[in-house]
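What you see is a predicted model, and the numbers here were worked out from it, not measured in a lab. Side-chain atoms are counted along with the backbone in the values below, which use heavy atoms only and exclude waters and symmetry mates.
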Amino acid sequence: MPERRLAARLTGEYGRPMESGRNGRSPALVVIAIVSALVVLVGAAVLLTGRGVESPIPLPGTPTASPTTSPTPTGAPLPLRYGALGDSFAAGQGGGGSTGVCYRSDAGYPAQLDGSRAGTDAGEGSAEPAIDLVVDASCSGATTVDVRAEQVPRLPDDTGLVTITVGGNDLNAVGVAVLCAEAPASPECDASLAAVRELLNSGELTERLSATFADIAIATPDAALVVTGYPLLFEAPAPDDPSFDAVAALNETTVALNDAIRAAVAPAVASGRAVCFVDVIGAFTGHGIGSAQPFVLADGPDAFHPNAAGNRAYAEVIRTSLPCAAAGQRRSGGPLGGPPLTEETGVD
C-alpha cells in the first residue's frame with residue numbers, strides 16, 4: 001500500500017489533485033515508477049559495494065563508512081617525551097664522534113637512552129614507556145646560567161622526562177683537574193682548589209642549582225627530573241705517589257660537588273616534585289684514571305671526561321633509576337611507574 005500513501009501525499013500537495021498527463025497516465029503513477037526504479041538501482045549499488053565496489057555518492061541520511069585505519073594497540077604506553085640538559089658530561093664529550101660547538105656525541109647518555117624503556121622491565125613487550133628524545137640541548141662548557149638561559153627554554157611543556165648534569169663548570173672542575181694533574185704540588189693548583197672549596201662552602205652553587213631545577217619544573221610541570229652527579233675521576237694512587245695529595249683533593253672536591261647537587265634536590269623532593277638525584281660514583285668505582293680499565297680519559301682534547309664505557313655506565317645508571325621519580329609522576333598524571341619517590345638512587 002505504499003503507492004496509495006504516496007498518491008495521497010501527492011494529491012494533497014498545494015491543496016489540489018494532480019492532473020493526468022497527455023498519455024493518460026497519472027503523474028502520481030509516473031513518480032511511483034521512478035521511485036521504484038531508484039530503489040532497484042540503490043539495491044544494486046549496495047550489493048556492488050558489499051563486493052568491494054565503492055559507491056561514488058553516499059545516500060542522503062545514511063551513515064558513511066569511515067576510512068580504514070591501522071588498529072591502535074591497546075594497553076601500549078605512549079612514548080615518554082624526553083629532554084636532555086647539561087654540560088659536556090651530558091653531551092657525551094669523550095665518548096667518541098663529538099660534533100658541533102657543543103661536542104655532542106651519539107655515545108652520550110641522552111642518545112643511548114633514546115628508544116630504550118623507562119624502567120628496569122625493559123624487555124620486548126614491556127609495559128614501560130619507550131623513551132623518545134625530543135630535545136638534546138646539552139652543551140660542553142655549560143654552566144647553570146647557560147642551562148637556565150639557553151637550554152630550559154627549548155623544552156616542550158609536554159615533556160615527560162628531563163635529565164641534567166650540571167654544576168661542574170660553575171667550579172671550573174675540569175680546568176682545575178688539568179692544572180693539578182700537570183702540577184699537583186704547585187701553588188696554582190692549591191689556589192684553584194681553594195677557590196672551588198670557597199664556592200662550595202658558601203652555598204652559592206646549591207642556590208644556582210635550586211634555581212635551575214625550579215625553572216625546569218615551571219617549563220615542564222608534568223616531567224620527572226633526574227639529576228645526575230659526577231664520578232670520581234681518579235683512582236687513589238699509592239700514598240708515596242707525588243700526586244697523592246692532589247688526586248685526593250680533586251676527588252674530595254667531586255664528592256663536595258655532588259653533595260651540593262644533592263642538597264639542591266632535597267627541597268624539591270620534600271615539596272613532592274618528581275625529582276631525584278642519581279649517584280654515579282659507584283658505577284665508576286675501580287674505573288678511574290690510573291685503573292686497569294678506566295672509564296675516564298686521561299689525556300687528549302677530551303681529557304677528564306667519560307670515555308665510551310663511561311658514557312654507557314652513565315646511561316645504564318640513569319635508565320635503571322627512572323622509577324625513583326614514579327610517585328611524583330603518578331601525582332602529576334605522568335607515565336612513569338615504580339617504587340615510592342626517594343631522594344637518591346645509584347649503584348653501589
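Shown here is Y103, whose OH atom has no more than 12 heavy atoms of other residues, nucleotides or ligands within 6.0 Å.
Remark: the backbone N or O of L155 is not paired with any side-chain donor or acceptor of T159 at under 3.5 angstrom. E235 contributes a side-chain N or O that, together with a main-chain N or O of H287, makes up a donor-acceptor pair within less than 3.5 Å. For S88 (side chain) and S140 (main-chain N/O), no donor-acceptor pair under 3.5 Å exists by modelled atom type. Judged by distance alone, the side chain of T163 and the main-chain N or O of A84 form no donor-acceptor pair under 3.5 Å. At least one donor-acceptor pair closer than 3.5 Å links the side chain of N311 to the backbone N or O of P306. Judged by distance alone, with hydrogens and angles left aside, the side-chain atoms of N307 form a donor-acceptor pair with the main-chain N or O of G310 at under 3.5 Å. With Q112 contributing its side chain and D106 its backbone, the two residues share no donor-acceptor pair below 3.5 Å. Side-chain N or O atoms of R104 include one that pairs as donor or acceptor with a backbone N or O of D136 at under 3.5 Å. D157 contributes no side-chain N or O that, together with a main-chain N or O of T220, makes up a donor-acceptor pair within less than 3.5 Å. Judged by distance alone, the side chain of N258 and the main-chain N or O of Y230 form a donor-acceptor pair under 3.5 Å.
Minimum heavy-atom separation, V135 to P156: CG2-CD, 3.8 Å. Taking both residues in full, the closest heavy atoms of S105 and A111 are given as O-CB, 4.3 Å, listed atom of the first, atom of the second, then distance. Here the shortest heavy-atom pairing between A177 and F304 reads O-CZ, 3.9 Å. Pairing each heavy atom of V280 with each of P231, the nearest pair is CG2-N, 3.6 Å. Across A249 and L193, no two heavy atoms sit closer than the pair CB-CD1, 3.6 Å. The two residues V166 and T144 come nearest to each other via the heavy atoms CG2-N, 3.8 Å.
A side-chain contact (heavy atoms from CB on, under 4.5 Å) with L85 is found for exactly one of V227, T165, I164, D146, namely I164. The side-chain contact (heavy atoms from CB on, under 4.5 Å) test with C180 is passed by exactly one of V247, D245, T253, L250: L250.
Using a 4.5 Å heavy-atom cutoff, the side chains of V196 and V176 are in contact. With contacts defined as side-chain heavy-atom distances shorter than 4.5 Å, the pair P184/C189 does not qualify. The shortest distance between side-chain heavy atoms of E316 and T320 falls below 4.5 Å. The side-chain heavy atoms of V296 and H305, taken from C-beta on, include no pair separated by under 4.5 Å. L113 places a side-chain heavy atom less than 4.5 Å from the side chain of Y82.
Between the OG atom of S321 and the CD1 atom of I318 there is a distance of 6.5 Å, given to the nearest 0.5 Å. To the nearest 0.5 Å, atoms CZ (R262) and SG (C276) are separated by 12.0 Å. Atom CG of L200 is separated from atom OG1 of T206 by 8.0 Å, given to the nearest 0.5 angstrom. Here the CZ atom belonging to F295 is positioned 10.0 Å from the OG1 atom belonging to T285, to the nearest 0.5 angstrom. Taking CD of Q151 as the reference point, atom CG of D87 lies at 8.5 Å (rounded to 0.5 Å). The CD atom of E252 sits 11.5 Å away from the CG atom of D259 when rounded to the nearest 0.5 Å.
In this structure, V162 is a member of the same hydrophobic cluster as V152, with clusters built from ILVMFWY side-chain heavy atoms closer than 4.5 Å. Residue V147 is grouped with residue L133 when hydrophobic side chains (ILVMFWY) are merged at heavy-atom distances under 4.5 angstrom, including chains of intermediate members. Taken together through direct or relayed side-chain contacts under 4.5 Å among Ile, Leu, Val, Met, Phe, Trp and Tyr, V226 and V134 form parts of separate hydrophobic clusters. Residues L171 and I261 are members of one and the same hydrophobic cluster, defined by side-chain heavy-atom contacts under 4.5 angstrom among Ile, Leu, Val, Met, Phe, Trp and Tyr. Tracing side-chain contacts under 4.5 Å through hydrophobic residues (I, L, V, M, F, W, Y), one reaches V178 starting from I289; they form part of the same cluster.
A salt bridge links R208 with E204: at least one charged nitrogen is closer than 4.0 Å to a carboxylate oxygen.
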Decide side-chain hydrogen bond (donor to acceptor under 3.5 Å, both in side chains) for N169 and T143; before the verdict, give the C-alpha distance in whole Å, the side-chain angles of both, and the deciding distance to 0.1 Å. CA-CA 5 Å; N169 287 320; T143 64; over 6 Å; no
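D215 is linked by a salt bridge (charged side-chain N to carboxylate O under 4.0 Å, His left out) to R148, counting only residues two or more places apart in sequence or in another chain. Applying the salt bridge (charged side-chain N to carboxylate O under 4.0 Å, His left out) test to E182 and every residue at least two apart in sequence or in another chain returns nothing. Every residue meeting the ring-ring contact (aromatic ring centres under 6.0 Å, His included) condition with Y109, not counting sequence neighbours, appears here in chain and number order: Y314.
A centroid separation of 6.0 Å or more is found between the aromatic rings of F234 and F244.
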